[in-house]
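Report on the structure given below.
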Amino acid sequence: DTGVSQDPRHKITKRGQNVTFRCDPISEHNRLYWYRQTLGQGPEFLTYFQNEAQLEKSRLLSDRFSAERPKGSFSTLEIQRTEQGDSAMYLCASSPRGDRNQPQHFGDGTRLSIL
Amino acid sequence: GQQLNQSPQSMFIQEGEDVSMNCTSSSIFNTWLWYKQEPGEGPVLLIALYKAGELTSNGRLTAQFGITRKDSFLNISASIPSDVGIYFCAGLGGSQGNLIFGKGTKLSVKP
């Protein structure tokens, strides 16, 4: 059983550039979550998919952030026109079918650094 | 909004000692989870608690879901150097099943 996979693990980019991160959830998991974690803090919820449907996106930090899960399998998180404040660890988590209290399993994240 | 308060923020202990950390909330949660995170990695699930009053063990780890559903504690017995990391509590209670995390307890173990 492979866990949640995220790519790339690290991304360094200049301010103003667009970045895209990919998440491959555990194969039988239909729920997928994106979180952001800054230094000294716990992960902060951003958005959620059930299969291909994005059911919650009001927590995305600004309209520069968007996420997709076109076929209900992998997901991408895009940040446009990056700013220095976007520097953080971006974590993806997935959970299986069943009631929404199923525990979430996390990937190792993508660490974004904005120069 | 919902917030979780974790304490202590950090702990420095000697190998072999027992550890206790806790988490309190202003809101009720239906599920409490405890995760451990090591540098450069994502949080790893340690224990999940589903019922008020539930006491669950995973090896040297024991966690309890408070009766009021507003708190939980995690105990680690006979600590070892590989227990080093940041321990997060998380409440599962967002409208979409999202997790709400505390700020973590950083554990350091001296051999």
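Owing to the predicted nature of the structure, the values given are computational and were not obtained by experimental measurement.
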Measuring heavy-atom distances to chain A, does B:Gln37 have an atom under 4.5 Å in its side chain, in its backbone, in both, or in neither?
side chain

Identify whether the distance between the nearest side-chain nitrogen and carboxylate oxygen of A:Glu83 and A:Arg64 falls below 4.0 Å.
yes

Among B:Cys89, B:Gly104, B:Gly40, which residue forms the greatest number of heavy-atom pairs with chain A at distances under 4.5 Å?
B:Gly40

For A:Leu39, look at atom CG and say whether over 12 heavy atoms of other residues, nucleotides or ligands are found less than 6.0 Å away.
no

Do we see a donor-acceptor contact under 3.5 Å between the side chains of A:Tyr35 and A:Gln104?
yes

When A:Arg9, A:Glu44, A:Gln37 are compared by non-hydrogen pairs under 4.5 Å with chain B, the top option
A:Gln37

What part of A:Gln6 gets closer than 4.5 Å to chain B, counting heavy atoms only: side chain, backbone, both or neither?
neither

Would you please say whether a donor-acceptor pair under 3.5 Å links the side chains of A:Thr82 and A:Asn18?
no

Chain B: which of A:Pro43, A:Pro103, A:Gly107 shares the most heavy-atom pairs with it under 4.5 Å?
A:Pro43

Give, as side chain, backbone, both or neither, the part of A:Leu91 having an atom under 4.5 angstrom from any heavy atom of chain B.
side chain

Backbone N or O of A:Pro8 within a donor-acceptor pair of the A:Thr110 side chain at under 3.5 Å?
yes

